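Note that ligands are numbered from 1 as they come in the structure, with each ligand's atoms numbered from 1 the same way. If you read the sequence from its start, that first residue is 1, and numbering goes on from there. Not measured: the values here are computed from a predicted model.
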Amino acid sequence: QDLMALHSYNPLDDLYNHYPHSLRNIDELCASIVRSHRETSQYRLEELQALRWKVFSREEIQVYQSKTVDEMWQHCAVRLTEAVQYVVEFAKHIPGFRMLSQNDQIALLKTGSMEVVLVRMCRFFNTENNTVFFDGKFAGTEVFKSLACGDLIAAVFDFAHGMCALKLTEQQLALFSALVLINPDRPSLEDRVRVQRVHRSVEVGLTHILHRDNHDSLLHKLYQRMAVLRSLCSLHMEKLRWFSQRYPLTAHSLFPPLYKELFA
Ligand code: CLR
């Protein structure tokens with residue numbers, strides 16, 4: 001067993017040995033990201049835990065199901081936009097984000113904010129009955145029936161389920177959210193090198209936290225989740241294009257401006 005320990009390689013050892021001063025920087029970086037996550041997460045875990053079994057009644061579900069397609073889309077777009085606003089606040093306090101150009105901040109949020117909302121969804125998800133916190137109670141997929149995009153809803157619920165299974169701590173979730181957002185591969189970035197640098201520092205932070213928590217193996221799983229996120233978000237964009245074609249008036253005049261700005 002000692003031999004095993006001797007051979008186990010910690011990717012951060014080099015860093016610790018050669019740059020002992022930067023360990024403090026990593027801790028500070030992690031602390032600010034965790035603080036930003038906490039301050040923009042809308043509900044504390046204890047609060048959500050207490051609401052866990054507050055589910056919609058048959059009658060309430062009926063009300064959602066009898067909404068028209070465009071009514072329900074508009075309603076969900078408003079809810080999603082609120083969630084995105086919190087993600088924008090979260091982003092602003094990631095060290096290095098505000099040093100990027102306005103263009104690059106917007107480019108990162110355009111593709112990243114929806115992904116972070118979906119990552120955050122696992123805090124609002126009850127795996128025991130497959131429901132998500134929506135409009136003050138927990139809702140199953142049937143609540144979203146009138147959106148007429150069952151495949152997207154099923155995929156989103158599936159993703160939340162998979163994220164919950166990883167049992168991330170709030171700190172791990174905070175760092176993972178930041179990593180998803182600061183992605184140097186996003187289209188139309190002006191200063192990719194600078195985004196790359198911020199990305200690297202967040203990645204070091206996440207690696208550090210996972211190592212400290214004795215959970216190095218999670219990193220690989222988290223990278224796998226990022227690939228799923230990308231496909232979910234392109235499905236969301238596809239549905240949005242379909243909706244805007246069928247209901248141009250709702251999409252144009254009733255969707256929240258931020259929703260249009262980010263996704264249209
Ligand atoms: C995600 C975590 C946020 C709080 C939050 C707000 C709105 C929720 C969202 C969470 C999860 C996904 C959600 C959304 C409202 C509508 C959307 C339930 C819990 C569903 C999947 C419908 C998407 C419909 C689009 C195609 C318009 O901090």
Checklist entry - Side chains of H220 and Q224: is there a donor and an acceptor less than 3.5 Å apart? => result yes
Checklist entry - Name the one of R225, R186, R230 that satisfies salt bridge (charged side-chain N to carboxylate O under 4.0 Å, His left out) with E115? => result R186
Item to check | Within-cutoff protein neighbour (heavy atom, under 4.0 Å) for atom 1 (C) of ligand 1 | outcome: yes
Checklist entry - Do E142 and K145 meet the salt-bridge criterion of a basic N to acidic O distance under 4.0 Å? => result no
Next on the checklist: When you compare ligand 1 with Q42, is there at least one nitrogen or oxygen pair between them that comes in under 3.5 angstrom?
Outcome noted: yes
Next on the checklist: For L152, which part has a heavy atom under 4.0 Å from ligand 1: side chain, backbone, both, or neither?
Outcome noted: side chain
Next on the checklist: Angle between ring planes, F255 versus W73, binned at 30° and 60°: parallel, tilted or perpendicular?
Outcome noted: parallel
Checklist outcome for this item: Of all protein heavy atoms, the one nearest atom 20 (C) of ligand 1 is F144 CE2, 3.9 Å
Next on the checklist: Does the protein place a non-hydrogen atom closer than 4.0 angstrom to atom 10 (C) of ligand 1?
Outcome noted: no
Checklist entry - Does E170 come within less than 4.0 Å of R123, counting only side-chain N to carboxylate O? => result yes
Item to check | Proximity to ligand 1 by part of F133, non-hydrogen separation under 4.0 Å | outcome: backbone
Checklist entry - Does atom 22 (C) of ligand 1 have a protein non-hydrogen atom under 4.0 Å from it? => result yes
Next on the checklist: Just to be sure I read this right, does ligand 1 sit under 4.0 Å from the backbone of I153, its side chain, both, or neither, counting only heavy atoms?
Outcome noted: side chain
Checklist entry - Tell me: protein heavy atom nearest atom 5 (C) of ligand 1, and distance? => result A83 CB, 4.0 Å
Next on the checklist: One pair to check against side-chain contact (heavy atoms from CB on, under 4.5 Å): V84 and F263. What are the steps and the verdict?
Outcome noted: CA-CA 11 Å; V84 164; F263 306 123; 4.2 Å; yes
Next on the checklist: Considering non-hydrogen atoms of the protein only, which is the closest contact for atom 12 (C) of ligand 1, and what is the distance?
Outcome noted: M121 SD, 4.0 Å
Next on the checklist: Just to confirm my output: which protein heavy-atom neighbour is closest to atom 13 (C) of ligand 1, and how far is it?
Outcome noted: L80 CD2, 4.6 Å
Item to check | Numbered atoms of ligand 1 (with element) below 4.0 Å of V117, judged on heavy atoms | outcome: 1 (C), 2 (C)
Checklist outcome for this item: If we number the atoms of ligand 1 from 1 as shown, the ones under 4.0 Å from a heavy atom of F124 are 2 (C), 3 (C), 19 (C), 28 (O)
Item to check | Donor + acceptor pair across side chains of R212, Q171 (<3.5 Å) | outcome: yes
Item to check | Salt-bridge criterion met for E238 and R241 (N-O under 4.0 Å) | outcome: no
Next on the checklist: Taking E261 first and then K110, would you say they form a salt bridge - that is, a charged N and a carboxylate O separated by under 4.0 Å?
Outcome noted: no
Next on the checklist: Could you tell me, atom by atom, which parts of ligand 1 come under 4.0 Å of a heavy atom of L147?
Outcome noted: 22 (C), 24 (C)
Item to check | Nearest-contact summary for atom 7 (C) of ligand 1 - protein heavy atom, Å | outcome: R79 O, 3.9 Å
Checklist entry - Cut-off 3.5 Å, side chains only: do E60 and S57 have a donor facing an acceptor? => result yes
